[in-house]
Every structure is written in C-alpha cells, then in structure tokens.
Amino acid sequence: MQPSSQRPPAPEELDALLRLLDDDTPEVRRVVAGRLGSFGGDVSEWLSALPRELGRGERRLLTEMLRPPRREALEREWLVPSGGAAAMSEDWEGFEAMLRLISDFLHDGISMRQPLSDALDLLAEEAGENEVNSSEDLRVFLFVQDRLSGNEENIDDPANLDLAWVIQSGRSNPLGLALVFILVARRLDLDVEGVDFPEHFLCRIHREGYPLIIDCFDEGRQHLQSTLLENPDLGREERAVLRRAADPGTIMLRLLEDLGDLLDEADREDDADLVRRLRETLL
C-alpha cells in the first residue's frame, strides 16, 4: 500500500515522529503527517514493537493523520468491473476483494489485527471444529451462541462495516453481521442468501424445503418467510424484496450507501465523499 517513491521511517524516526504528535505547529504537523503517510496508512506493526503504549490523545491524532493515505490507497486500488454492479451477479470473489479494501480503509491504522480474508478463514475453521454442518448450525454458532451480536450501543459507528473489526470485536449492525454470515457460509459450502430489506438487512436459509428469514441483529432470530409475507403492513415492493436474493452488486451498492451516511454522521466528510464517488463507479 505504501508509495514506492518513499521509504517508511526507521524505528528511531517513527519514535521521534510520535513524540511530535502533539506539536500543533502547522509546518511540524505537515512534515509528521507526510512521513507517516509513507506507511500507506498503517503503522500497526511498527507500533506493536514500541516499548510504550500510546495515550488516547496520541492515538486519536495518529489515526486522523493516517486517514489521507488510506483514502489514497482505497481510490488507487478500487477496481470497477466492466458493467458496474450489474456485472457482479455471481462475482463473490471480486465482492470480497472490495470488502477487503473497505476494511483496510476503515481500519484505524494503529491496531494489530488479522486481514479480512484470514479472519473469515479462521472463523469458518472454528465453525467446522464446532461441527457446523448446515446453515442452521451456522446460525446457532454465530448468533445464538453469541459469537456475534448486534452493536446496539454504537449502531452508527462506521466500524460496523469494517468486517475485520466485526469479526475481532464480535459486534456489528444488521448488514455487517449478515455479511459475515454469508461469507463464512460460502467457505463451508452452505446456502445463506442476503435480503436487502429497507432500513435493515436480513438473510435467508432453508430448512426442510421452507425458506426462513434470519434477523442476524436480533440474535439470529428466525421467521417463516410465508408468515412475514402475510403481514398486511408490508407493501408490494417489500414483499418482492423478501422473496429476492441480493446479489453481490446489490449488496455492495447498499453497503457503500450506508457507509457514506455513517461517515457523514461521524463528521468524516472527506471519507464520505470518497465512498460516494466509489459508489458512482458501480452505477
């Protein structure tokens, strides 16, 4: 991720740069941000070797300084399929590659963690070790046994759509939880579909031939699809959405729309603007 024109700072220089974090002199701040940017927006490995812990203020300043290079990396590495979102109907590999870029973009750049694909692989391996052999087993493993839960206290946090963070923290919003469910299921050759329900996100599995709607945010609660379709409060379009499986392109458009809104609410206008530009490339 780091530009080839600059070498990252040596450990001694990094330590010196960190000591200058609280210097608000414009020239000093510019130089520090520029040198830290040569890491490509991620200094987590170097920080892990430091003999001291950063204070809360230092962590906040460092995270803010690392955002511009992470924006640059996301924009530089974003690959748009020919035909946009409509061409992603079965491209789950390309979809996950986009999710990895978004995850790296949303990372704070200072916390050690596993890359998204590795985290998904390990979660799938853990599920296999727990004798998960069906979509229903996976629902129970992830949500009933509290491996993942709804992030009710911070539902508006953009980190809810950073799936590497979701797996590490064990919490997210409806879309983040559903995506982990879907991607782990695919690794286990299990059938879990996304349902792009308005102002929520649901999943669908089948048991004994009957479609069940799963609300991952509500502890994986399951509902007979036929019963939900009988709800007189649902409009025609909502019923159509419940019957339809969301393909990767549809989900990515939904994710980028939601993420732009969450970043706006977090007063991260530059990040939100970038996410909306990326969404437009898929339309």
Side-chain angles (χ1 to χ4, degrees), residues 70-71 73-106 115-117 119-121 124 135 138 158-167 172-206 211 213-217 225 235-264 271-283:
R70 288 206 303 279
R71 284 196 294 270
L74 175 59
E75 193 160 24
R76 182 175 63 250
E77 297 176 21
W78 186 257
L79 297 178
V80 182
S82 177
M88 296 175 61
S89 59
E90 296 297 330
D91 187 8
W92 289 99
E93 184 176 341
F95 175 73
E96 187 171 318
M98 288 179 165
L99 290 176
R100 288 197 300 269
L101 292 176
I102 292 169
S103 179
D104 290 343
F105 163 67
L106 291 173
L116 174 58
S117 294
L120 287 165
D121 289 344
S135 301
L138 184 59
N160 287 310
L161 296 178
D162 172 357
L163 297 191
W165 179 86
V166 171
I167 295 171
S172 186
N173 63 14
L175 179 54
L177 296 173
L179 285 174
V180 175
F181 190 20
I182 293 167
L183 293 173
V184 172
R186 292 189 62 80
R187 280 164 164 75
L188 298 172
D189 293 323
L190 303 175
D191 183 23
V192 176
E193 298 174 336
V195 179
D196 186 20
F197 200 75
E199 299 183 9
H200 204 59
F201 199 91
L202 303 165
C203 286
R204 176 172 34 249
I205 65 174
H206 292 80
I213 299 297
I214 307 301
D215 187 345
C216 302
F217 193 73
Q225 179 174 294
R236 178 180 298 177
E237 179 57 28
E238 290 172 317
R239 288 189 174 88
V241 167
L242 273 180
R243 294 188 178 98
R244 189 164 58 233
D247 64 24
T250 298
I251 300 174
M252 183 54 63
L253 288 174
R254 168 68 180 270
L255 182 147
L256 292 172
E257 180 178 14
D258 288 358
L259 181 55
D261 292 340
L262 293 178
L263 290 167
D264 268 338
D271 290 344
D273 288 344
L274 171 58
V275 165
R276 292 195 172 98
R277 290 200 305 274
L278 297 182
R279 188 177 189 276
E280 289 175 0
T281 67
L282 295 173
L283 296 176

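Quick note: numbers below take in every heavy atom, side chains included, and nothing from hydrogens, waters or symmetry partners.
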Asker: What is the distance from atom CG of Leu253 to atom CD of Glu280, rounded to the nearest 0.5 Å?
Answerer: 11.5 Å

Asker: Write down the atom of Gly260, the atom of Ala272, and the distance for their closest heavy-atom approach.
Answerer: O-CB, 3.6 Å

Asker: Would you call Arg187 and Val184 a side-chain contact if the rule is heavy atoms closer than 4.5 Å?
Answerer: no

Asker: Considering only heavy atoms from C-beta outward, does the side chain of Arg100 approach that of Pro115 to under 4.5 Å?
Answerer: no

Asker: What is the distance from atom CG of Leu278 to atom CE of Met98, rounded to the nearest 0.5 Å?
Answerer: 9.0 Å

Asker: Are any side-chain N or O atoms of Ser135 and backbone N or O atoms of Asp191, one a donor and one an acceptor, separated by less than 3.5 Å?
Answerer: yes

Asker: Do Asp264 and Arg276 sit within salt-bridge range, that is, some charged N less than 4.0 Å from a carboxylate O?
Answerer: yes

Asker: If you measure from the Lys or Arg side-chain nitrogens to the Asp or Glu carboxylate oxygens, is any gap between Arg186 and Glu93 under 4.0 Å?
Answerer: no

Asker: If we only count heavy atoms from C-beta on, is the Phe201 to Leu255 side-chain gap below 4.5 Å?
Answerer: no

Asker: Quick one: CG on Leu175 to CD1 on Ile251, what's the gap to the nearest 0.5 Å?
Answerer: 7.5 Å

Asker: Does Gln225 offer a backbone N or O that forms a donor-acceptor pair with the side chain of Arg243 under 3.5 Å?
Answerer: no

Asker: May I ask you to decide whether Arg70 forms a salt bridge with Asp104, counting only side-chain N to carboxylate O separations under 4.0 Å?
Answerer: no

Asker: Quick check: do Trp78 and Leu274 have side-chain heavy atoms less than 4.5 Å from each other?
Answerer: no

Asker: What I'd like to find out is whether the side chain of His200 reaches to under 4.5 Å of the side chain of Asp215, using heavy atoms alone.
Answerer: yes

Asker: Would you say that Leu106 contacts Trp165 through its side chain, given a criterion of any heavy-atom pair below 4.5 Å between the two side chains?
Answerer: no

Asker: Do the side chain of Arg204 and the main chain of Leu242 share a donor and acceptor less than 3.5 angstrom apart?
Answerer: yes

Asker: Just wondering, do Asp247 and Phe95 contact through their side chains at under 4.5 Å, heavy atoms?
Answerer: no

Asker: Can you name the one residue among Asp162, Leu256, Leu163, Leu116 that meets side chain to side chain contact (heavy atoms under 4.5 Å, CB included) with Ile102?
Answerer: Leu256

